[in-house]
Amino acid sequence: MILPATAEHTGGLCMPCKQGFRKNLEDSKIRREEKKKWEASPVGEHWKWLLNQPYESLSRENQLFRAVHFFLGHVIGDGLEAYFYEQTRLGYLDTIEGLAAIGDTETLRILKEAKEVIYGEDDVPGELSVCQNIMSEKMFRHQLDALEKELEKEWDKESAQIDDFLMAYAEKHKLCDGFGTAREN
């Protein structure tokens with residue numbers, strides 16, 4: 001319902017339509033619905049379970065799946081800088097191994113380039129506080145932005161290509177079996 005005064009001022013349009021953000025509202029609604037469906041799916045249930053397990057107690061396949069998913073979440077949400085701010089050598093090595101295991105060679109190449117930008121020939125430090133100090137002291141934003149753009153192009157080439165790699169990996173190793181709406185508990 002549009003108030004008469006608003007309709008008079010906007011030519012009959014509601015404020016979201018008049019200001020041009022109606023599409024954003026609709027897109028947000030669709031994303032929320034998709035997120036709810038994903039959370040109830042076998043993959044979403046598996047992911048929630050993974051987050052509540054001690055990393056060391058997971059099978060190697062689940063560790064690699066979790067490492068790649070963690071990488072994706074950081075890069076999509078906050079960028080490569082955030083990923084390296086929260087990542088130690090073991091996490092980085094698991095992500096490298098995970099990307100190789102799922103077959104995503106381009107993302108793997110870009111991640112290795114990002115590591116070179118930050119640490120050069122040195123290993124990623126083993127202690128999180130050291131990683132965070134390095135990331136706080138130096139400015140990598142410009143170089144990492146270029147690599148993030150490469151990742152975006154790579155991931156846009158084929159719709160959700162890295163998700164397809166992850167799903168194939170999960171299916172191959174039966175990681176999501178027993179999760180989802182068919183699961184009783």
Under the side-chain contact (heavy atoms from CB on, under 4.5 Å) test, residues paired with Phe70 that sit two or more places apart: His74, Tyr83, Glu86, Gln87

Side chains of Tyr169 and Leu64 in contact at under 4.5 Å (non-hydrogen atoms): yes

Side-chain H-bond candidate by donor/acceptor type, Asp94 with Tyr55, under 3.5 Å: yes

Test item: Lys48 side-chain N/O and Glu39 main-chain N/O as donor-acceptor pair under 3.5 Å: yes

Ile118 CD1 to Met135 CE distance, which is reported to the nearest 0.5 Å: 4.0 Å

Gap separating the CD atom of Glu150 from the OG1 atom of Thr107, nearest 0.5 angstrom: 10.5 Å

Spacing of CD1 belonging to Ile110 relative to CD belonging to Glu152, to within rounding of 0.5 Å: 10.5 Å

Glu127 atom CD, over 12 foreign heavy atoms within 6.0 Å: no

Spacing of CG belonging to Leu80 relative to CG belonging to Leu111, to within rounding of 0.5 Å: 7.0 Å

Residue pair Glu148, Arg141: steps toward the side-chain contact (heavy atoms from CB on, under 4.5 Å) verdict: CA-CA 10 Å; Glu148 286 170 16; Arg141 184 77 265 144; 2.8 Å; yes

Asp78 versus Ala82, closest heavy-atom pair with distance: CB-CB, 3.4 Å

Path from Leu128 to Leu51 over hydrophobic side-chain contacts below 4.5 Å: no

Nearest heavy atoms of Phe165 and Ile102, plus distance in Å: CD2-O, 3.3 Å

Residues Lys112, Glu116; criterion salt bridge (charged side-chain N to carboxylate O under 4.0 Å, His left out); working and verdict: CA-CA 6 Å; Lys112 286 180 175 180; Glu116 293 295 318; over 6 Å; no

hydrophobic_cluster_shared for Leu99 and Leu90, side chain cutoff 4.5 Å: no

Separation between SG of Cys176 and CD of Glu45, rounded to the nearest 0.5 Å: 10.0 Å

Where Leu166 and Leu72 come nearest, the two heavy atoms and their spacing: CD1-CD1, 3.4 Å

Taking every non-hydrogen atom, the tightest pair across Leu144 and Ala114: CD2-CB, 3.9 Å

Interatomic spacing from CD in Glu154 to CG in Leu147 - rounded to 0.5 Å: 12.5 Å

Centroid-centroid under 6.0 Å between Phe65 and His46 rings: yes

Minimum side-chain heavy-atom gap Leu175-Trp47 below 4.5 Å: no

Distance-only donor-acceptor check, side chains Gln63 and Arg66, under 3.5 Å: no

Verdict with reasoning, Cys131 to Tyr119, per side-chain contact (heavy atoms from CB on, under 4.5 Å): CA-CA 10 Å; Cys131 296; Tyr119 299 108; 3.8 Å; yes

Atom of Met139, atom of Gln143 and distance for their closest heavy-atom approach: O-OE1, 4.0 Å

Closest non-hydrogen atom pair between Asp122 and Lys115, with its separation: O-NZ, 2.5 Å

Ionic contact status for Glu33 with Lys36, cut-off 4.0 Å: no

